[in-house]
Asker: 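Please read through the structure below; I'll follow up with questions.
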Amino acid sequence: MLALGKSLTKALAARTLAPQVCSSFATGPRQYDGTFYEFRTYCIKPSKMNEFLENVKKNIHLQTAHSELVGSWSVEFGGRIDKVFHIWKYDNFAQQTEVRKALANDKEWREQLLIPILGLTDKQESEITYLVPWCKLEKPPKEGVYELVTFQMKPGGPALWGDAFRRAINAHVDLGYSKLVGVFHTEYGALNRGVYTEEIMRSRLVGFESQLHRLLTL
């Protein structure tokens, strides 16, 4: 489960995450569903962040011509800071396949965006996620400060932590000093993961093993 919210308070210090289990296969019937979101993380080489951001700003239109970019953020505090974080929206896996085919045949995209990015990054990470049923995606504004909080869940799924997680998110949003962008859960990639904003979740809910807070700029 993943959530992204706009925060006006300071970021909390990162905490060590428990070892994660990754999967290349869906863990449930979600694999047959429609809209999903790819969380793509770029780990940038030291001293190359500005060059990476400039290239993306100049050429990202070559990729958004084929698929929808929900948002792009760079990490300012929390964990490794040389990271850029994208959320891509797809109607289904068939559309994602078609997008990849189109990009592979797009010479301009390869030469101006893909190849330069590969030379500026150490590695990339990708996770396939779905919005939780009780949350609607909100488009982030053009600029702002956001907090991305990742939770490592205990095995057991929503039956163990789902209701408490939902109540805590709603209580936090109702305070009015942050705006929720989305709440997601992972289906492919690192399993048993969750994300939310700030302090409200800390030591208050059962079902969580660890947290990681990151402050992002859009």
Asker: Quick check: closest heavy atoms across Q95 and Y90, and the distance to 0.1 Å?
Answerer: OE1-CA, 3.2 Å
Asker: Please check if atom NZ in K101 has more than 12 non-hydrogen atoms from other residues, nucleotides or ligands closer than 6.0 Å.
Answerer: no
Asker: Once rounded to the nearest 0.5 Å, what's the spacing between atom OG of S67 and atom CD of E98?
Answerer: 12.5 Å
Asker: Rounded at 0.5 Å granularity, tell me how far CG in L175 sits from CG in N170.
Answerer: 11.0 Å
Asker: Do you know which two heavy atoms are closest between V84 and S72, and how far apart they sit?
Answerer: CG1-OG, 4.1 Å
Asker: Would you indicate whether the side-chain heavy atoms of F36 and Q96 approach each other to under 4.5 Å?
Answerer: yes
Asker: I would like to know whether K89 and T35 meet side-chain contact (heavy atoms from CB on, under 4.5 Å); could you show each step before the answer?
Answerer: CA-CA 7 Å; K89 179 182 178 181; T35 302; 3.7 Å; yes
Asker: Knowing that exactly one of T129, V173, V132, L137 qualifies, which makes a side-chain contact (heavy atoms from CB on, under 4.5 Å) with V183?
Answerer: V132
Asker: Atom NZ of K107 and atom CG of L62: how far apart are they, to the nearest 0.5 Å?
Answerer: 13.5 Å
Asker: If I compare all heavy atoms of P46 with all of D122, which pair ends up nearest, and what's the gap?
Answerer: CD-OD2, 4.3 Å
Asker: Please check if the side chain of R110 supplies one atom and the backbone of I115 the other of a donor-acceptor pair under 3.5 Å.
Answerer: no
Asker: To the nearest 0.5 Å, tell me how far L53 CG sits from I60 CD1.
Answerer: 11.0 Å
Asker: Quick one: pull up NZ in K123 and NZ in K45 and give me the separation to the nearest 0.5 Å.
Answerer: 14.0 Å
Asker: Relative to the ring of F52, is the ring of Y42 parallel (under 30°), tilted (30 to 60°) or perpendicular (over 60°)?
Answerer: tilted
Asker: In a check of side-chain contact (heavy atoms from CB on, under 4.5 Å) between W88 and each of T64, V99, V70, which one passes?
Answerer: T64
Asker: Would you say H86 and L69 make side-chain contact, with heavy atoms under 4.5 Å?
Answerer: yes
Asker: Which pair of non-hydrogen atoms, one from L113 and one from N55, has the smallest distance, and what is that distance?
Answerer: CD1-OD1, 3.3 Å
Asker: Would you say the side chain of E125 lies within less than 4.5 Å of the side chain of E127, judging by non-hydrogen atoms?
Answerer: no
Asker: If you measure from OG on S74 to NZ on K83, what distance do you get to the nearest 0.5 Å?
Answerer: 13.0 Å
Asker: What pair of heavy atoms forms the shortest contact from F85 to F39, and how long is it?
Answerer: CZ-CD2, 2.9 Å
Asker: Side-chain contact test, heavy atoms from C-beta onward, threshold under 4.5 Å: evaluate it for Q63 versus L103 and give yes or no.
Answerer: yes
Asker: Quick check: closest heavy atoms across K48 and L120, and the distance to 0.1 Å?
Answerer: CD-CD2, 3.9 Å
